[in-house]
Amino acid sequence: MNRMRALNLLLILSVFAALAPLAVSQQEDASAQSQSHHEAAQKDPHHTCPMAMEERGDKGMGFSQSKTTHHFLLKRDGGVIGVEANDAKDTENRDQIRMHLSHIAKAFAAGDFDIPMFVHDQTPPGVPVMKAKRDQIKYRFEETENGGRVVIVTGDPEALAALHDFLAFQIREHKTGDSLSVQ
């Protein structure tokens with residue numbers, strides 16, 4: 001009986017020994033894939049998964065990203081963040097846009113950029129300076145026919161450069177097609 005147990009144990013150990021290299025190989029493949037994705041993200045600081053960003057946007061902003069259109073404008077004295085419901089009859093998204101942008105104007109004025117950091121899964125360019133210079137930047141929410149906008153104004157050159165970096169990042173991330181030139 002003891003001999004039978006010893007043979008069974010030996011058989012089990014042999015199977016584990018034979019499978020161990022396969023498990024290590026799979027773990028190395030997964031690690032390599034993860035490293036490859038990490039390297040791609042490091043090479044392109046704007047590398048994100050559009051589907052994941054859209055899902056985080058729906059959650060973080062409180063309205064459908066696919067039923068709305070974002071615009072980001074770089075102005076000589078600041079910039080504009082605008083969002084509109086695509087359908088004029090879509091009052092639900094229009095009202096959610098207005099609530100969100102009103103909140104964003106207040107949050108940004110207080111130096112709180114948690115929502116864009118959540119949506120983009122990173123700290124957008126310009127945010128550290130915008131936080132540090134929050135007393136030099138004014139944020140004003142305005143309703144539009146199908147949504148709203150946040151008008152941002154500053155007279156501080158460093159804050160202005162940071163704001164333009166932030167808005168340019170938003171243009172690229174949201175693929176809005178808006179001009180990266182100051183208007």
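As the structure is a computational prediction, the values presented were derived from the model and not from experiment.
- The CD atom of Q170 sits 11.5 Å away from atom CG of D165, with the distance rounded to the nearest 0.5 Å.
- In plain terms, the two heavy atoms of H71 and T69 that are nearest each other are NE2-CG2, 3.4 Å.
- Of all the heavy atoms in A105 and Y139, the pair that sits closest is O-CB, 3.6 Å.
- With hydrogens and angles disregarded, a donor-acceptor distance shorter than 3.5 Å links the side chain of D178 to the backbone of F72.
- The shortest distance between side-chain heavy atoms of L163 and I152 falls below 4.5 Å.
- Looking only at side-chain heavy atoms (C-beta outward), R149 and V83 stay at 4.5 Å or farther from each other.
- For the residue pair K133 and A159, the shortest heavy atom distance occurs at CB-CB, 4.0 Å.
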Run I171 and L180 through side-chain contact (heavy atoms from CB on, under 4.5 Å) and show every step you take. CA-CA 8 Å; I171 290 167; L180 292 169; 3.9 Å; yes

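- No side-chain donor from either of T68 and E84 sits under 3.5 Å from a side-chain acceptor of the other.
- With rounding to the nearest 0.5 angstrom, the CG atom of D95 is 8.5 Å from the CD atom of E143.
- A 4.5 Å side-chain heavy-atom check between K75 and Q183 finds at least one atom pair inside the cut-off.
- Transitive grouping of hydrophobic side chains (ILVMFWY, heavy atoms separated by less than 4.5 Å) brings F113 and L167 into a common cluster.
- Note: the hydrophobic cluster containing L74 also contains I81 (ILVMFWY, side chain heavy atoms under 4.5 Å, direct or indirect links).
- In this structure, E92 CD and Q96 CD are separated by 6.5 Å, a value rounded to the nearest 0.5 Å.
- Taking all atoms of both residues into account, the shortest heavy-atom contact from G148 to I97 is N-CG2, 3.8 Å.
- In this structure, L101 and H103 have side chains that are not in contact, with every pair of non-hydrogen atoms separated by 4.5 Å or more.
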The test is salt bridge (charged side-chain N to carboxylate O under 4.0 Å, His left out); show your working for R140 and E142 and say whether it passes. CA-CA 7 Å; R140 182 180 73 249; E142 297 177 351; 2.8 Å; yes

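- With hydrogens and angles disregarded, a donor-acceptor distance shorter than 3.5 Å links the side chain of H164 to the backbone of G78.
- Under a 4.0 Å N-O distance rule, the pair E173/K175 does not qualify as a salt bridge.
- Using modelled atom types, one side-chain atom of T154 and one backbone atom of Q136 make a donor-acceptor pair closer than 3.5 Å.
- Under the ring pair (Phe, Tyr, Trp, His ring centres under 6.0 Å) criterion, F166 pairs with F108, sequence neighbours left out.
- Residues R98 and F141 have side chains in contact (heavy-atom distance under 4.5 Å, counting atoms from C-beta outward).
- Taking the side chain as every heavy atom from C-beta outward, V80 and V150 never approach each other to under 4.5 Å.
- Considering only heavy atoms from C-beta on, T123 comes within 4.5 Å of P128 through its side chain.
- Criterion: ILVMFWY side-chain heavy atoms under 4.5 Å apart, direct or through other members. Under it, V127 and V129 are not part of a common hydrophobic cluster.
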